[in-house]
Amino acid sequence: MTQPTGPGATEPAAVFHQRVIDDAAAAVRGLTVSLGERLGLYRVLAEHGPLTPAELAERAGIAPRYAEEWLHAQLSAGYVERHPSSDKYTLPAEHAAVLAQPASPAYAAGFFTALKALYATEDLLLDAYRSGEGVGWAEHDPALDTGMGSFFQPTYQHRLLTDWIPALHEVSDKLAAGGTAADVGCGVGHTTRLIARAFPDARVYGFDYSEEAIAIARQLAEDEGLGDRVVFETASADDYPGGRYDLVTFFNCLHDMGDPVAAAQHVHKSLDPDGTWMLVESNVSPADIHTDTPPARMFMALSAVMCLPVALAQRGPHALGNHSGEKAFRAIAEEAGFTRWRRAAHTPVNAVYEVRP
């Protein structure tokens, strides 16, 4: 008889019950993190703490009673510390890097602002699970674009230009010399703008099928003074315009596509014969279903409520999910005509593949 697998397979009911309650607490706590991020509460604590609830309320512009209750929630989670004699709260520096500093490579608070969009699709997911249909990206609140962008941005900010692009064959030199790059599935354009800023002589294009995301991307580019350096257009992965690109990038989006083979074929067609497709995907595989690491738990859950439904909504021949793994992605690339494949870099969350014709 096959033994059950998974982190809770052999736990007594009481132990498993406690673990589920812990997950329930985390699910509710996520809303308090989103509120803290959107209201700037973590940043106020980091910059001006220690603070009493009244002082936090005054500096952040919120009601004192809510400040007190929010701080209690953060204290119970171990996110903040309280000084009993003064009733002042501190956000430790190590926690501030995760919750209050968007430029930090450890920053994660932005992800929680996407919960608004994810939880709002519950009724749509209920119907989709019964019918086998999908829930398209455009059916989500725009908070999904900004929240997911905020989650991945710190890694991109700290890895893309220093580690990932330099790991690709001659790509940095080509872009520096005025080459062309297409960022497909660019969302709100974090990666597109990073490339445009780092390579001022390059021609950089961002494509996404979400009109809302493209509108945000254009505005962010204007705000950063990059409006004349990068072009954003609404287009899907299998019909974006242009050709002979030196670099085409896909950041954590191929697994969301209903026809990833068609997308890969279009990349092959749009690349310069000596060009490079940089495919960035989640660094998990089907084997990770049985692991209990934080990245694996997050990706499995996201796949069930976001990635798979988005792919199914496109009614294509594939619905990969975000943990299909390197073997599946390589097979798609080879079917599309690519002949060279290399894992160029990786982090605990992302795997970076260099794919060439």
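For the numbers below, each heavy atom of this structure counts, side chains included, while hydrogens, waters and symmetry mates do not.
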task = Under the side chain to side chain contact (heavy atoms under 4.5 Å, CB included) rule, what do D246 and V171 come out as? Steps first, then yes or no, please.
result = CA-CA 7 Å; D246 294 297; V171 168; over 6 Å; no

message = Could you tell me if the side chain of H72 sits less than 4.5 Å from the side chain of P53, heavy atoms only?
response = no

ask   = What's the spacing between L302 CG and L308 CG if we round to 0.5 Å?
value = 12.0 Å

inquiry  = Quick one, T191 with D183, criterion side-chain hydrogen bond (donor to acceptor under 3.5 Å, both in side chains). Give me CA distance, side-chain angles, the key distance, then yes/no.
reply    = CA-CA 8 Å; T191 47; D183 189 10; 2.5 Å; yes

key: Pair R343 + E354, salt bridge at N-O below 4.0 Å   = no

message = Looking at G187, is its backbone amide N or carbonyl O close enough to the side chain of D208 to form a donor-acceptor pair, meaning the two atoms are under 3.5 Å apart?
response = yes

ask   = Any link between I216 and I214 through a network of hydrophobic side chains (Ile, Leu, Val, Met, Phe, Trp, Tyr) touching at under 4.5 Å?
value = no

task = Please test T276 against H169 for side-chain hydrogen bond (donor to acceptor under 3.5 Å, both in side chains), starting from the C-alpha separation and ending with a verdict.
result = CA-CA 8 Å; T276 299; H169 180 67; over 6 Å; no

request  = Mind checking the CG-CD spacing from D87 to E68? Nearest 0.5 Å is all I need.
outcome  = 7.0 Å

request  = Determine, stepwise, if the pair Q74 / T32 fulfils side-chain hydrogen bond (donor to acceptor under 3.5 Å, both in side chains).
outcome  = CA-CA 8 Å; Q74 305 310 296; T32 75; 3.0 Å; yes

ask   = Could you go step by step and tell me if F152 and V280 meet the side chain to side chain contact (heavy atoms under 4.5 Å, CB included) rule?
value = CA-CA 11 Å; F152 288 111; V280 180; over 6 Å; no

ask   = For G206 and C186, which heavy atoms make the closest approach, and how far apart are they?
value = C-SG, 3.7 Å

key: Inter- and intrachain pairs under ring-ring contact (aromatic ring centres under 6.0 Å, His included), touching residues 294-333, at least two apart   = none

Sidechain-backbone polar pair: S34 side chain, G30 backbone, donor-acceptor under 3.5 Å = no

inquiry  = Quick check on R38: does its CZ atom have over 12 non-hydrogen neighbours (other residues, nucleotides or ligands) under 6.0 Å away?
reply    = no

task = Run the numbers on E326 and Y353 for side chain to side chain contact (heavy atoms under 4.5 Å, CB included), then give the verdict.
result = CA-CA 9 Å; E326 181 172 353; Y353 304 109; 3.3 Å; yes

query = Do the charged groups of R218 and E222 touch, with an N to O distance under 4.0 Å?
reply = no

query = Between the main-chain N or O of Y66 and the side-chain N or O of E69, is there a donor-acceptor pair closer than 3.5 Å?
reply = no

request  = Find out whether L247 and L175 are in side-chain contact, i.e. whether some heavy atom of one side chain is under 4.5 Å from a heavy atom of the other.
outcome  = yes

query = Does the Q314 side chain pair with the main chain of V310, one donor and one acceptor, at a distance under 3.5 Å?
reply = yes

ask   = Would you call V355 and M278 a side-chain contact if the rule is heavy atoms closer than 4.5 Å?
value = no

message = Keeping H268 on the side-chain end and A264 on the backbone end, is there a donor-acceptor pair under 3.5 Å?
response = no

query = Looking at the rings of Y240 and H266, which for Trp means the six-membered one, are their centres under 6.0 Å apart?
reply = yes

task = Flag yes if V352 and V284 sit in one hydrophobic cluster, no otherwise; membership is Ile, Leu, Val, Met, Phe, Trp, Tyr, and two members link when side-chain heavy atoms are under 4.5 Å apart.
result = yes

message = Salt bridge or not between D272 and K174? Use side-chain N to carboxylate O under 4.0 Å.
response = no

Ion pair E47/R43, N-O distance below 4.0 Å = no

request  = Apply the test side-chain hydrogen bond (donor to acceptor under 3.5 Å, both in side chains) to residues Y107 and Q157: give CA-CA distance (whole Å), side-chain angles for both, the deciding distance (0.1 Å), then the verdict.
outcome  = CA-CA 11 Å; Y107 179 71; Q157 184 82 35; over 6 Å; no

key: Check: T52 side chain, K88 main-chain N or O, donor-acceptor pair, under 3.5 Å   = no

task = Can you measure from CG (L41) to CG (L71) and round to the nearest 0.5 angstrom?
result = 8.0 Å

E224 atom CD, neighbour heavy-atom count above 12 within 6.0 Å = yes

key: Close side-chain approach of F338 to L279, heavy-atom, < 4.5 Å   = no

task = Would you confirm whether S150, through its side chain, and G110, through its main-chain N or O, come within 3.5 Å as a donor-acceptor pair?
result = no

query = If every non-hydrogen atom of C253 is compared with every non-hydrogen atom of G185, which pair is closest and at what distance?
reply = SG-CA, 4.2 Å

task = Give a yes or no on whether the backbone of V188 and the side-chain of R193 come within a donor-acceptor separation of less than 3.5 Å.
result = yes

query = Do V44 and F112 share a hydrophobic cluster, counting only Ile, Leu, Val, Met, Phe, Trp and Tyr and linking them when any side-chain heavy atoms are less than 4.5 Å apart?
reply = yes

key: Proximity of F251 and Y156 rings by center, below 6.0 Å   = yes

remark   = The complete set of side chain to side chain donor-acceptor pair (under 3.5 Å) pairs with one or both residues in residues 230-239, sequence neighbours excluded, reads S236-D238, S236-D239

ask   = CG of L51 to NE2 of H83: how many Å apart, nearest 0.5 Å?
value = 10.0 Å

task = Provide the closest heavy-atom pair for A100 versus A46 in the form atom of the first, atom of the second, distance.
result = CB-CB, 3.9 Å

inquiry  = When you compare the side chain of T249 with that of V184, does any pair of heavy atoms fall below 4.5 Å?
reply    = no

task = Check whether M298 and M300 end up in the same hydrophobic cluster, where Ile, Leu, Val, Met, Phe, Trp and Tyr are linked by side-chain heavy atoms less than 4.5 Å apart.
result = no

key: Candidate pair T347 and N283, rule side chain to side chain contact (heavy atoms under 4.5 Å, CB included), full reasoning   = CA-CA 7 Å; T347 71; N283 193 15; 5.8 Å; no

key: Sequence neighbours excluded - ring-ring contact (aromatic ring centres under 6.0 Å, His included) pairs with any residue from residues 19-51   = Y42-W70

message = Run R59 and E55 through salt bridge (charged side-chain N to carboxylate O under 4.0 Å, His left out) and show every step you take.
response = CA-CA 6 Å; R59 287 186 176 275; E55 290 168 341; over 6 Å; no

key: E133 side chain near L312 side chain, heavy-atom distance below 4.5 Å   = no

query = Is the shortest heavy-atom distance from the side chain of T180 to the side chain of R244 under 4.5 Å?
reply = no

key: Close side-chain approach of V230 and R203, heavy atoms under 4.5 Å   = no

ask   = CZ/R229 to OG1/T192 distance, rounded to the nearest 0.5 angstrom?
value = 13.0 Å

query = Ignoring hydrogens and geometry, is there a side-chain-to-backbone donor-acceptor pair from S282 to N322 under 3.5 Å?
reply = yes

remark   = Heavy-atom closest pair (G149 atom, H190 atom, distance to 0.1 Å) is O-CD2, 3.5 Å

ask   = Is it true that a side-chain atom of T121 and a backbone atom of L118 form a donor plus acceptor pair closer than 3.5 Å?
value = yes

ask   = Roughly how far, to the nearest 0.5 Å, is the CG atom of D141 from the OG1 atom of T146?
value = 8.0 Å

task = Indicate whether the side chain of D145 and that of W137 have a donor and an acceptor atom separated by less than 3.5 Å.
result = yes

message = If hydrophobic clusters are built by linking Ile, Leu, Val, Met, Phe, Trp and Tyr wherever their side-chain heavy atoms come under 4.5 Å apart, do F250 and L168 end up in the same one?
response = no

